[in-house]
Amino acid sequence: MSKELSEMTLEELWDLFPIVLKEHNPRYAGWYEQQRAGLIGLLGDADVARISHIGSTAVPGLLAKPTVDILLEVRASSDVRSILDRLQAAGWLLMSEQSDPLDLALNKGYTPEGFAEQVYHLHVRYLGDWDEPYFRDYLRDHAEAAAEYAELKQVLLERYEHDRDAYTEAKTDLIHKYTQLARIEYADRYNPSPK
């Protein structure tokens, strides 16, 4: 019998769920759309302000961890506890919770036997002007930046295959650099208001 995920140490979790990089899968967009529709159906327009596909799987052609990242922005008037309860009842597992500013991290697709075919990370925040959509759009529009990011990820994989925190931290400077350039470039055309 395998241990429950909640019973595992961080080291056991990192061994079970190492950093994996794969070529872009065109099905990521469909997987995102499926989850998007489910989230809207679960939470409704009263709470959902905007949902975005973020992260490397949102950039066609980019080498990525096969995990679809979703940014779910909720209204300031939303009952966050009710949202979290409904998400957990629908099978989303809470990984971390921060209240100021609001940042709930949930996932689907992590099992005691390893990754499922479809893996998701859901980031729940209040509606705002977040960095992730800017970075995504910059990589979509600038092939050289996407190539540099892919190369960095491959180097870091060799070093941090079983240390997700260090892997993420080591990407921070490059992500920040391109996010700042995106904020300048898209200042006149990027609309952070809900659609």
Side-chain angles (χ1 to χ4, degrees), residues 10-36 50-73 95-96 98 103 105-111 113-125 128-192:
L10 191 55
E11 290 75 22
E12 289 173 321
L13 288 169
W14 282 344
D15 282 342
L16 185 59
F17 303 111
I19 302 295
V20 175
L21 295 176
K22 294 188 175 184
E23 294 299 322
H24 185 81
N25 182 342
R27 297 187 318 169
Y28 293 148
W31 294 354
Y32 160 73
E33 288 298 335
Q34 185 179 52
Q35 291 301 316
R36 180 182 186 281
R50 178 174 48 209
I51 302 177
S52 304
H53 185 185
I54 58 171
S56 294
T57 61
V59 181
L62 183 60
L63 187 71
K65 293 193 307 286
T67 302
V68 174
D69 284 287
I70 301 169
L71 175 60
L72 169 63
E73 295 175 85
M95 297 186 306
S96 65
Q98 177 182 309
D103 194 356
L106 299 101
N107 71 41
K108 270 188 181 179
Y110 289 77
T111 76
E113 290 74 40
F115 293 113
E117 179 189 1
Q118 295 180 30
V119 181
Y120 301 93
H121 285 178
L122 178 64
H123 309 270
V124 180
R125 299 179 188 153
D129 187 22
W130 302 106
D131 286 344
E132 291 90 345
Y134 286 97
F135 182 62
R136 174 204 61 207
D137 291 350
Y138 198 84
L139 294 184
R140 284 177 175 172
D141 293 345
H142 297 85
E144 70 286 351
E148 181 183 355
Y149 188 46
E151 184 178 322
L152 175 64
K153 291 195 292 184
Q154 287 178 310
V155 169
L156 296 177
L157 171 65
E158 295 173 17
R159 203 176 304 160
Y160 301 120
E161 180 182 6
H162 295 283
D163 188 342
R164 286 176 173 269
D165 292 341
Y167 174 84
T168 300
E169 178 63 30
K171 297 186 302 178
T172 301
D173 288 345
L174 185 137
I175 292 170
H176 180 73
K177 176 178 91 171
Y178 286 129
T179 299
Q180 293 311 109
L181 290 173
R183 284 184 174 278
I184 294 165
E185 182 173 330
Y186 303 145
D188 293 335
R189 73 176 173 103
Y190 183 76
N191 181 2

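Here the structure is a predicted model, which is why all the values come from computation and not from measurement.
- Put simply, the residue from Gln180, His176, Arg183 that forms a side chain to side chain donor-acceptor pair (under 3.5 Å) with Asp131 is Arg183.
- Remark: the backbone N or O of Glu169 is paired with a side-chain donor or acceptor of Thr172 at under 3.5 angstrom.
- The aromatic rings of Phe135 and Tyr149 stand perpendicular to each other, their planes meeting at an angle above 60°, with 30° marking the opposite boundary.
- For Glu33, the CD atom counts as densely surrounded, since its 6.0 Å shell holds more than 12 non-hydrogen atoms of other residues, nucleotides or ligands.
- No option in Ile51, Ile70, Asp69 other than Ile70 meets the side chain to side chain contact (heavy atoms under 4.5 Å, CB included) test with Leu122.
- Contact of the Tyr28 side chain with the Pro60 side chain is not registered, since no non-hydrogen atoms from C-beta on lie closer than 4.5 Å.
- A distance of 11.0 Å separates CD1 of Ile184 from OG1 of Thr179, quoted to the nearest 0.5 Å.
- Checking Asp129 against Tyr134 by side-chain atom types alone, a donor-acceptor pair falls below 3.5 Å.
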- Query: Which is it for Tyr160 and Lys171 under the side chain to side chain contact (heavy atoms under 4.5 Å, CB included) test, yes or no, and what are the steps along the way?
  - Reply: CA-CA 11 Å; Tyr160 301 120; Lys171 297 186 302 178; over 6 Å; no

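- Arg140 places a side-chain N or O within donor-acceptor distance of the main-chain N or O of Ala58, the cut-off being under 3.5 Å.
- Pro66 and Val119 get closest at one heavy-atom pair: O-CB, 3.9 Å.
- If you check the side chains of His123 and Glu132, you find no donor sitting under 3.5 Å from an acceptor.
- When side chains are defined from C-beta on, Lys65 does not count as touching His121, because their heavy atoms never get closer than 4.5 Å.
- With a 4.5 Å cut-off on side-chain heavy atoms, Tyr178 and His142 do not count as touching.
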- Check the pair Val68, Gln35 against side chain to side chain contact (heavy atoms under 4.5 Å, CB included), reporting the backbone distance first and the verdict last. CA-CA 10 Å; Val68 174; Gln35 291 301 316; over 6 Å; no

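- Distance alone, capped at 3.5 Å, places no donor-acceptor pair between the Gln118 side chain and the Gly109 backbone.
- In this structure, the separation between CD1 on Ile19 and NE2 on His162 is 9.5 Å, given to the nearest 0.5 Å.
- The two residues Leu152 and Ala170 make their nearest non-hydrogen contact at CD2-O, 4.3 Å.
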- Determine, stepwise, if the pair Tyr120 / Gln34 fulfils side chain to side chain contact (heavy atoms under 4.5 Å, CB included). CA-CA 11 Å; Tyr120 301 93; Gln34 185 179 52; 4.1 Å; yes

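- For the pair Lys153 (side chain) and Leu21 (backbone), a donor-acceptor distance under 3.5 Å is absent.
- Within 6.0 Å of NZ in Lys22 there are 12 or fewer heavy atoms belonging to other residues, nucleotides or ligands.
- Without hydrogens or angle criteria, Ser52 side chain to Ile54 main chain gives no donor-acceptor distance under 3.5 Å.
- Arg159 places no side-chain N or O within 3.5 Å of a backbone atom of Tyr167 that could act as its donor or acceptor partner.
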- Task: Verify side chain to side chain contact (heavy atoms under 4.5 Å, CB included) between Trp31 and Asn25, making sure each step is shown before the conclusion.
- Result: CA-CA 10 Å; Trp31 294 354; Asn25 182 342; 4.1 Å; yes

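- Within the 3.5 Å criterion, the main-chain N or O of His53 finds a donor-acceptor partner in the side chain of Arg136.
- For Ala116 against Thr111, the heavy-atom pair with the smallest separation is CB-CG2, 4.4 Å.
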